[in-house]
Amino acid sequence: MIKSFVALLAGLTFSGAVMAADIVEGQDYQVVDEPMKTEVPADQIEVTEVFWYGCPHCYALEKPLNEWVAQLPDDVTFDRMAAPLGRVWEQHAIAFYAARQLGIEHEMRQDFMDAIHKQGKRLTDKDDIAEFFTHYGVSKDEALKALDSFGVKSEIQQASAKMRGYQLMGVPDLIVDGRYVVTPDSAGSLENMPKIASALIEKVREERTESE
């Protein structure tokens with residue numbers, strides 16, 4: 001289980017960059033028993049954040065993670081996966097995939113999280129979610145159709161399957177190359193998660209070079 005936010009922020013802080021040689025399997029990151037197939041070209045390294053809109057840790061991670069993502073090299077593809085663990089989580093995951101289908105996910109993301117964490121809104125009712133979406137150039141009818149669409153239901157099923165495959169019980173998590181899992185506990189703090197992920201990206205590059 002994920003520790004309290006205070007404990008996470010009080011955790012170990014790395015100074016400077018973390019190199020691939022510095023990280024330890026089972027301590028800084030976990031290895032997936034059965035790696036999941038990534039959805040990026042062969043010359044790309046996939047990094048996925050697994051999150052829940054309602055998670056305070058995910059909310060706290062948003063700024064440092066976005067800053068890290070903005071500086072990722074060209075051979076890294078970053079994506080997000082909403083975790084449908086439980087009824088409320090699933091409703092928020094539906095909102096995420098519907099917003100993505102409507103092309104408004106990036107535009108509404110911060111506002112949606114602010115509404116939950118700063119304004120105390122639940123945003124679990126589809127009518128409320130659809131109404132929220134109308135502020136981003138879509139009609140309520142379009143939003144409701146997306147929320148109930150086959151495509152979104154399929155995304156939820158795939159996310160659930162991946163959660164089981166990665167053996168994840170909480171969020172946030174960073175998955176590197178479908179094989180390596182970084183959690184707040186393993187990284188020592190939320191802020192260190194991107195640093196460990198960077199070292200794992202380097203590790204993947206080294207492994208690919210050695211296999212050529």
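Computation of the quantities below employed the complete heavy-atom set of this structure, encompassing side-chain atoms and omitting hydrogens, waters and symmetry-equivalent molecules.
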Anything under 3.5 Å between a donor and an acceptor, one on a side chain of residues 132-142, the other on a protein residue two or more places apart or in another chain? List them.
residue, atom, partner, partner atom, Å
T134, OG1, E131, O, 2.5
Y136, OH, D111, OD2, 2.7
S139, OG, E142, N, 3.0
S139, OG, E142, OE1, 3.3
D141, OD2, K145, NZ, 3.4
E142, OE1, S139, N, 2.8

Side-chain heavy-atom pair L72, I201 within 4.5 angstrom cut-off: yes
Chi angles and distances behind the salt bridge (Lys or Arg N to Asp or Glu O under 4.0 Å) call for E39, K162: CA-CA 13 Å; E39 301 177 4; K162 288 182 178 180; 3.3 Å; yes
For Y180, side-chain hydrogen bond (donor to acceptor under 3.5 Å, both in side chains) partners two or more places apart: E207
Whether S160 side chain and I156 backbone form a donor-acceptor pair below 3.5 Å: yes
With D148 via salt bridge (charged side-chain N to carboxylate O under 4.0 Å, His left out) - residues at least two apart: K126
Full working for side-chain contact (heavy atoms from CB on, under 4.5 Å) between T209 and E206: CA-CA 5 Å; T209 299; E206 293 174 355; 5.7 Å; no
Same apolar cluster (I L V M F W Y, side chains within < 4.5 Å links), V24/I196: no
Set of side-chain contact (heavy atoms from CB on, under 4.5 Å) partners for D43, sequence neighbours left out: P41
Whether F112 and Y53 hold their rings parallel, tilted or perpendicular, with breakpoints at 30° and 60°: tilted
Can you list, pair by pair, the side-chain donor-acceptor contacts under 3.5 Å of residues 73-89, counting residues two or more places apart and other chains?
residue, atom, partner, partner atom, Å
D75, OD1, R205, NH2, 3.1
D75, OD2, R205, NE, 2.7
T77, OG1, Q44, OE1, 2.6
D79, OD1, R100, NH1, 3.3
D79, OD1, R100, NH2, 2.9
R80, NE, E49, OE1, 2.7
R80, NH2, N66, OD1, 2.9

Non-neighbouring partners of Q110 that pass side-chain hydrogen bond (donor to acceptor under 3.5 Å, both in side chains), sequence neighbours left out: D114
Set of residues satisfying side-chain contact (heavy atoms from CB on, under 4.5 Å) with respect to T183, sequence neighbours excluded: D173, V181, D185, S186
Results of side-chain hydrogen bond (donor to acceptor under 3.5 Å, both in side chains) for T124 - residues two or more places apart only: none
CA sep, side-chain torsions, deciding dist, call: L65, V69, side-chain contact (heavy atoms from CB on, under 4.5 Å): CA-CA 6 Å; L65 184 63; V69 169; 4.3 Å; yes
Test log, rule side-chain contact (heavy atoms from CB on, under 4.5 Å), inputs V32 and Q167: CA-CA 8 Å; V32 178; Q167 300 178 316; over 6 Å; no
Point-to-point distance, once rounded to the nearest 0.5 Å, from CD1 of I129 to NZ of K121: 12.5 Å
Y29 side, atom OH; M193 side, atom CE - distance, nearest 0.5 Å: 15.5 Å
E67, CD atom: more than 12 neighbouring heavy atoms under 6.0 Å: yes
Any residue meeting side-chain hydrogen bond (donor to acceptor under 3.5 Å, both in side chains) with R122, in chain and number order, not counting sequence neighbours: none
Partner residues of F96 under the ring-ring contact (aromatic ring centres under 6.0 Å, His included) criterion, sequence neighbours left out: F51
Side-chain touch S189/P184, heavy atoms, less than 4.5 angstrom: no
Listed once per pair and sorted, the ring-ring contact (aromatic ring centres under 6.0 Å, His included) pairs that draw on residues 186-212, sequence neighbours left out: none
Of all pairs that satisfy ring-ring contact (aromatic ring centres under 6.0 Å, His included), the ones with a partner from residues 193-212, not counting sequence neighbours: none
Under 3.5 Å donor-acceptor, D125 side chain and D127 backbone: yes
Salt bridge present between K195 and D22 (N-O < 4.0 angstrom): no
